[in-house]
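Keep in mind that this is a model prediction, so the values were computed, not measured.
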Amino acid sequence: MSKKDKTLKEILDIILYENPSTQDEIAEKLGITRRYVTQLLQPLVKSGTVKRAYMIDLKSYETVVESVEDYVSTRDSKGNVLINDMLANMTKHVHSQLEMSFEAVLEYDENKASKALEMDYATNNMVEKIRTSVETIVSINKHSEISKSILYNEIAYDLERIGDYCGHIAKFVINDVYEVDGNILKKLKKMYKTAQSMIRLTMKAFIEGKTELKDDLMEMEDTIHIMQSKAINLIATQMAESTFDEKERSNYFIYLFRLIKAFKRIGDIAVEMMDVAVEFHDNIPRPTTPRTFR
């Protein structure tokens, strides 16, 4: 493989798996100039293989990689491996998004809150990449199970929903004028750590097929519900002791309830994702009854 082909392979790997925003970012990761990145990508952009926001048309991509020796053997670009890698990267990004959002609350830092909200653009872009990749893989591989392939999109969409709730957490700092009471903050810390663990566990189940982790996940869900109840009781006590003469104080409690609900919903989504994992790997259909009525 020529040095030029090797560099092109590395550029395409970054686009597929690391979700770069600019050519400068690609150049920085590889330690090459932006001009060289542009030179290598230009023919692929003109042919439509690489599109805006660094989306890759996998049908055209198949033709490109055939000319690059040993490309597929170093990283299988087809089927489950490709989508699993994309989902793993999206999971890492959502973990970071949740971490940034909660750090903003802990430190009452509007700059971190704004950064967390900006991260949601990348989350949304990742969903679109996975969706188009799944569609293309289905069209390339006529023997693929369409029903199972669609489940990849559901997982990506659920991760996007978690990203949305990360935004709700970050907005607490931007919208509010009061810091969170220390006792309530202790409950929120527990909810945050549990939510992070639930995301990690459910994605391990989906990507690696370890659906036996569901029991552990359900225990974590119980923990989040317990912490939610305790936090709500603390808030109710504070509300009873408040006069509500100030509009800001009233808004504080409203936003605080939304903050607690955001963690609870992240836990709910993680359980829904586990149901998808069980259906995907164990062929056990998900319950049709909404979780709130089970």
Side-chain angles (χ1 to χ4, degrees), residues 94-117 119-120 123 158-203 213-274 290-294:
V94 170
H95 274 300
S96 298
Q97 190 178 352
L98 180 53
E99 181 180 20
M100 182 69 72
S101 298
F102 192 58
E103 283 183 0
V105 174
L106 286 177
E107 301 168 18
Y108 211 71
D109 189 326
E110 288 194 21
N111 288 329
K112 285 192 173 182
S114 296
K115 288 179 181 178
L117 291 173
M119 291 175 76
D120 204 43
T123 305
D158 284 337
L159 286 171
E160 181 190 28
R161 290 166 64 202
I162 291 175
D164 290 340
Y165 281 106
C166 292
H168 293 181
I169 294 167
K171 285 177 182 176
F172 175 85
V173 177
I174 294 173
N175 292 335
D176 196 37
V177 293
Y178 296 99
E179 295 185 38
V180 181
D181 171 80
N183 290 326
I184 296 174
L185 201 56
K186 289 180 182 178
K187 306 298 183 287
L188 290 176
K189 285 180 180 178
K190 182 69 172 178
M191 294 182 80
Y192 161 74
K193 290 179 180 179
T194 306
Q196 286 281 40
S197 296
M198 291 180 77
I199 297 168
R200 191 174 296 110
L201 203 69
T202 198
M203 288 306 298
L213 295 172
K214 183 171 183 177
D215 289 342
D216 294 336
L217 186 76
M218 300 312 293
E219 289 181 10
M220 293 179 186
E221 185 191 34
D222 289 341
T223 298
I224 277 196
H225 288 175
I226 291 169
M227 289 301 107
Q228 179 192 26
S229 297
K230 289 183 177 180
I232 289 174
N233 288 338
L234 286 171
I235 295 172
T237 300
Q238 289 186 7
M239 290 177 67
E241 297 170 351
S242 299
T243 60
F244 291 104
D245 292 334
E246 299 178 15
K247 180 180 178 182
E248 289 82 2
R249 192 63 180 173
S250 177
N251 287 339
Y252 164 78
F253 289 116
I254 293 172
Y255 294 141
L256 192 53
F257 277 122
R258 290 177 183 171
L259 177 60
I260 292 169
K261 184 179 179 181
F263 283 117
K264 190 260 185 186
R265 284 298 299 132
I266 290 172
D268 291 342
I269 293 169
V271 174
E272 292 170 11
M273 293 165 73
M274 179 61 80
R291 295 190 66 253
T292 52
F293 295 103
R294 290 181 210 168

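- Taking CD1 from Ile174 and NZ from Lys171, the interatomic distance works out to 8.0 Å, rounded to the nearest 0.5 Å.
- A salt bridge does not link Asp164 with Arg161: none of the charged nitrogens is closer than 4.0 Å to a carboxylate oxygen.
- Smallest separation of non-hydrogen atoms from Ala231 and Ile260: CB-CD1, 3.6 Å.
- For the pair Leu185/Leu106, a side-chain contact is recorded, criterion being any heavy-atom separation below 4.5 Å from C-beta on.
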Test side chain to side chain contact (heavy atoms under 4.5 Å, CB included) applied to Asn175 and Asn251, step by step: CA-CA 9 Å; Asn175 292 335; Asn251 287 339; over 6 Å; no
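- Taking every heavy atom of both residues into account, Ala262 and His168 meet most closely at CB-CB, 4.3 Å.
- Scanning all heavy atoms of the two residues, the minimum distance from Ala195 to Ile266 falls at CB-CG2, 3.9 Å.
- Lys115 and Glu103 are not joined by a salt bridge, as no carboxylate oxygen comes within less than 4.0 angstrom of a charged side-chain nitrogen.
- Of the inter-residue distances, the one linking Ile162 atom CD1 with Arg265 atom CZ reads 9.5 Å to the nearest 0.5 angstrom.
- Atoms CG and CD, on Asp181 and Gln238 in that order, are 4.5 Å from each other to the nearest 0.5 Å.
- The only option from Met227, Lys186, His225 that meets the side chain to side chain contact (heavy atoms under 4.5 Å, CB included) definition with Met191 turns out to be Met227.
- Heavy atoms only, all atoms of each residue included: Leu159 and Thr123 are closest at O-CG2, 4.3 Å.
- In terms of heavy atoms, Val94 sits closest to Cys166 at O-SG, 4.4 Å.
- Separation of atoms CE (Met100) and CG (Leu117) is listed at 11.0 Å; rounding is to 0.5 Å.
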Check against side chain to side chain contact (heavy atoms under 4.5 Å, CB included), Glu219 and Asp215: CA-CA 6 Å; Glu219 289 181 10; Asp215 289 342; 5.5 Å; no
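- Formation of a donor-acceptor pair under 3.5 Å by the Ser101 side chain with backbone atoms of Ala116 is not found in this model.
- Remark: side-chain polar atoms of Gln196 are paired, donor with acceptor, to backbone N or O of His95 under 3.5 angstrom.
- Distance check, rounded to the nearest 0.5 Å: CD1 of Ile269 to NZ of Lys264 gives 10.5 Å.
- Annotation: the span from Leu234 atom CG to Asn183 atom CG amounts to 6.0 Å, rounded to 0.5 Å.
- Aromatic ring orientation, Phe102 versus Phe263: perpendicular (interplanar angle above 60°, classes split at 30° and 60°).
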Stepwise side chain to side chain contact (heavy atoms under 4.5 Å, CB included) check, Phe172 with Val180: CA-CA 10 Å; Phe172 175 85; Val180 181; 3.5 Å; yes
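- Listed for the Thr202 side chain is a donor-acceptor partner under 3.5 Å among the backbone atoms of Met274.
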Chi angles and distances behind the side chain to side chain contact (heavy atoms under 4.5 Å, CB included) call for Lys112, Val105: CA-CA 9 Å; Lys112 285 192 173 182; Val105 174; over 6 Å; no
